[in-house]
Amino acid sequence: MTFLKLLFRNRLAALGAVVLGIILLLVIVTPILPLQDPDVTNTADRFMTPFSDGHLLGTDHLGRDLLSRLLYGTRVSLAVGIFAALIAGTIGSAIGIVAGYFGGRTDNIIMRGVDMLMAFPYILLALAIVAALGPGLFNALIAVAAVNIPFFARNIRGVTVSLAGREFIDAARLAGMGHTRIILTELLPNVLSTIVIAMSTTVGWMILETAGLSFLGLGSQPPQADLGSMLGEARSQLITDPHTSIIPGIMIFLIVMSINLLGDGVRDALDPRLRSGALTRPRAQTLVNRGGDVPADDRKGILNLQRLSTQFHIGPRIYKAVNEVSLYVNPGECLGVIGESGSGKSVTALSVMGLVPSPPGVVTGGAVRYEGEDLLDMPFERLRQKRGDNVAYIFQDPLSTLHPLYRVGDQLKEAISVHHKVSDKELDRRAIELLKSVRIPNPESRIRNYPHEMSGGMRQRVGIAMALANDPEVIIADEPTTALDVTVQAQILSLLDDLRRERGLAIVFITHDFGVVAQLCDRVAVMYGGRIVEEGTTADILDKPAHPYTARLMACVPELGGGKRELAAIPGLPPIVSDLPPGCAFAPRCDKATEACTQGEIALEGGTHKVRCIHPEEEVA
Amino acid sequence: MTAALKVDNLAKTFSISGGLFGGQHPGVRAIRPMSFEVQTGETLGIVGESGCGKSTLARMLVGLLEPTEGSIEIEGKALDNADPAAFGRLIQYMFQDPVSSLNPRKTIKQIMEAPLKRLYGMNRAERDARIDEIFDSVNLRPEFLERYPHEFSGGQAQRIGIARALAASPRIIILDEPVSALDVSVQAQVLNLMRRLKSEFNLTYLFISHDLAVVEAVSDRIVVLYFGAVVEIGRAEEVFSNPRHPYTKLLADSAPVVGRPLTAPEQKDSELPDPLNPPPGCAFATRCPRATEICRDRDPALEQVGDDQFAACFHPL
């Protein structure tokens, strides 16, 4: 149902569907329409123009009724095209799946064979096949199907290769399934949509190819009509009686256009990447739509988030990812933001510099002040200047943040030259200096490396060097060590710690790991369900957690040195932010929850140690 | 006690074709010859960083990858994966990514039925009864059976993964980073469930992870891998509190621990040796503070260094 809805949202696809539907309906009912026999010749009535008596579309060079020939011919052409697509699709997909699934030598042999087939110009190949088999509609069908097999084989093989490496295929093998069964029940359902897409986009092409063969006299044989042979027969009267060519020409045009429009629509609706809106380009800056008043500047820290709210509007649902979050960070300070997936910690970080993709993200309230200036209502050009220059980011996966096709040195230099006009020589010097400052050995040769030539730890160092490129005042690090090994993590953390002491950097460090927070951060904010539930100095939070969630979460973390033991767990699942319960979001999982916890707003209260709880574990000061 | 799993001189070399004009390359040794045993009912933890060969080892043990050398014995019998049905009844694998290990186009019921049908040839009634039983023991609601994998959270999907592995009634389950994709609060739920199931079904676990604290909390003994080789084996409570191999100590010191000040245990370039061109001696020698001439020259063998503790080092701590 959603598929049809998506399909018809695309106007052109809908138009294609309507046109194709009318044509299909016409050819299906053709035998019962009161038409003249398409093959009966009447040379007395040759070349009658359209709209003559008894011949709505006129007659051809043998006086046969063109309307009747057109409809019967379309019938034949459509049937041949569709059958050819089905045959090519079935054989080609089978070859592709087998090659992709078995891989190795099988794949090599099959695909080289397919390559050889593709090396011939397709029309020559089709001519050769028809020449060998003899002219005729059926042989033309075989030829058209055969020349299209490589297209399907290559397409489907590509998809299969990526699926065959997936874990569920291994799981099926361990469940005792044989190869045939895995191919039929595990792989085929997953590649079916690709096959359908490939077929819907090639049917039109195959109709054209069949028409081409018929035009050359190798397809349908007289007196049988198909669109190609009609064109071929009308060729000599193109100037004197153009309607005999134009009528089948228009029909071919309508069929192929409508099939292609519909095929493109089917592809867009079925392809999961397109469906998720990957092709809609997000705005350069998160949409800001603040309903209420902008909070007055309370002059805290260098970066100050005041009651920031960010939501995602997807269809009818509203995801309250960040809900009135207030945070600040002082120069030289490291603020930890800790939370589980879906707690809103990353969205908070991205909201600061307007990096949340819009649509669907919208900042719905609050202020983000950098040195007192509100970043949310700043014109984009000024915000862009501040990105990287004043506030820089370090992301989790350096492999996906570095461009794979440029040398790391060039990427560093670009980061500098965007903000500062300096000479090439100076850029080189600075890039090497930056790599040196993040302790990359041999920076002079390393600037010429591509990202894939470096290890994960080295790449993350480059990521940090890039964040430092313009000497920012604030660095926002979003799980920068999560993808790294422990020994590398320890080095990166101590590097960040040194940098903030040397340069007076303010760091906002987002993580899910209490061990990391304990070692690096001065203050910590704990997030749950898009809100801050507890905030205080690191010592306060770790030694005297006041919110039951903080206390329970810390108990879940196994610590090294404890030996084999039962681990503490929190029952239930984190909340979904489109459907937050009233009151405390943690109440359904909390053993201290009472009636009052599920009613109304609970305030974040306290001095340096704040907690949002009616029944805190500890009294906060 | 009999050994549930015995690995003898197991090794895996991935061959690299030198291309059309290239010469013969000896290949990449992902796993260098290693031997260990796992007793019935035991949990053996396997730790190591990325590139140490953890996953290659696991895939060989479950027959998804052919070993180059050595043998694998399960309950005294040499591993024979010619018959996938017989093999699947002995050993099962639990995957790291809970969602990608479930076929997105199948319902949970279809996924659960596959091992029962293929491995045990059960009929519909028997299958339904067995699935009910398993779902009950992993705390999943029966109405989940009609749903598709994308409808589940990571923790639920991982429990479905456990249920599928249990459906084969295996003797041994290989757990490959089973909780690293899960949130901390959910991680403990899954770990505790696995512990309960182990005693309930008398299972033997091989628990592979990069998270030292998690491995220590669930394992009886721990194997530490570095660059495709075992560098230390010992009892879980000993290995990290009293490491004998310098690499184990480096690992233990690197894990962030609440209440320990931040120190980088090593400032040197922590790259692994080039697998295409491995050094002649100990693979850890370039990073090791205790390395001497002999370390760069010869490969140390695994030797007993304490009660039930073995380390491959010329200068154990």
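Residue numbers begin at 1 in each chain, while the letters A, B, ... track the order of the sequences.
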Discussion item. Has B:Gln189 got a side-chain atom pairing as donor or acceptor with A:Ile570's backbone, closer than 3.5 angstrom?
Written reply: yes
Discussion item. Tell me if a side-chain donor or acceptor on A:Glu566 pairs with a main-chain N or O of B:Asn192 at a distance below 3.5 Å.
Written reply: no
Discussion item. If you count heavy-atom pairs within less than 4.5 Å of chain A, which of B:Arg195, B:Met94, B:Gln187 leads?
Written reply: B:Arg195
Worksheet item: For chain A, which residues of residues 169-180 of chain B have at least one non-hydrogen atom nearer than 4.5 Å to it?
Response: none
Discussion item. Any heavy-atom pair between the side chains of B:Asp183 and A:His512 that's under 4.5 Å?
Written reply: no
Worksheet entry | B:Ser254 backbone acceptor or donor facing A:Gln489 side chain under 3.5 Å | no
Fill in: Which atoms of A:Ala171 approach chain B - backbone, side chain, both or neither, heavy atom under 4.5 Å
both
Discussion item. Shorter than 4.5 Å, heavy atoms on both sides: which option in A:Gly342, A:Gly572, A:Ala555, A:Ala172 has the most such pairs with chain B?
Written reply: A:Gly572
Worksheet item: With only heavy atoms counted, which part of A:Arg552 is less than 4.5 Å from chain B, the side chain, the backbone, both or neither?
Response: neither
Discussion item. With a 6.0 Å cut-off (strictly less than), is the heavy-atom count around NZ of B:Lys198, excluding the residue itself, greater than 12?
Written reply: yes
Worksheet item: Top residue by heavy-atom pair count (under 4.5 Å) with chain A, among B:Pro115, B:Gly155, B:Gly45?
Response: B:Pro115
Item to complete: Give a yes or no on whether B:Lys249 atom NZ has more than 12 heavy-atom contacts from other residues, nucleotides or ligands under 6.0 Å away.
Response: no
Discussion item. Test your reading of the model: is there a side-chain donor-acceptor pair from B:Asn103 to the backbone of A:Phe168, 3.5 Å cut-off?
Written reply: no
Response to the item:
Ranking A:Cys556, A:Ala539, A:Ser341 by heavy-atom pairs under 4.5 Å to chain B gives rank one to A:Ser341
Item to complete: Give the intermediate values and the outcome of side chain to side chain contact (heavy atoms under 4.5 Å, CB included) for residues A:Ser193 and B:Arg105.
Response: CA-CA 11 Å; A:Ser193 64; B:Arg105 304 278 167 150; 4.2 Å; yes
Item to complete: Examine whether an atom of A:Thr185 lies under 4.5 Å from a heavy atom of chain B, and if so say whether it belongs to the side chain, the backbone or both; otherwise answer neither.
Response: both
Worksheet item: Side chain, backbone, both or neither: which part of B:Ala236 has a non-hydrogen atom closer than 4.5 Å to chain A?
Response: neither
Discussion item. Any heavy-atom pair between the side chains of B:His210 and A:Val486 that's under 4.5 Å?
Written reply: no
Worksheet item: Can you say whether A:Asp513 sits under 4.5 Å from chain B via the side chain, the backbone, both, or neither, judging by heavy atoms?
Response: side chain
Fill in: Among B:Ala167, B:Ala255, B:Ala188, B:Ala213, residue most engaged with chain A (heavy-atom pairs, under 4.5 Å)
B:Ala213
Discussion item. When you compare the side chain of B:Ser185 with that of A:Glu340, does any pair of heavy atoms fall below 4.5 Å?
Written reply: yes
Item to complete: Taking atom types as modelled, find out whether A:Arg166 and B:Ser101 have a side-chain donor-acceptor pair closer than 3.5 angstrom.
Response: no
Worksheet item: Heavy atoms, side chains only, cut-off 4.5 Å: are A:Asp170 and B:Phe95 in contact?
Response: yes
Worksheet, complete the sentence: ring-ring contact (aromatic ring centres under 6.0 Å, His included) pairs touching residues 150-172 of chain B, sequence neighbours excluded, are B:Phe144-B:Phe152
Worksheet item: Given that the side chain runs from C-beta out, which part of B:Ala168 has a heavy atom under 4.5 Å from chain A: side chain, backbone, both or neither?
Response: neither
Discussion item. Does atom CZ (B:Arg141) have a neighbourhood of more than 12 heavy atoms from anything else shown, all under 6.0 Å?
Written reply: no
Discussion item. What I want to find out is whether A:Glu186 reaches B:Lys106 closely enough, with some N-O distance under 4.0 Å, to be called a salt bridge.
Written reply: yes
Worksheet item: Are there more than 12 heavy atoms of other residues, nucleotides or ligands under 6.0 Å from atom CZ of B:Arg127?
Response: yes
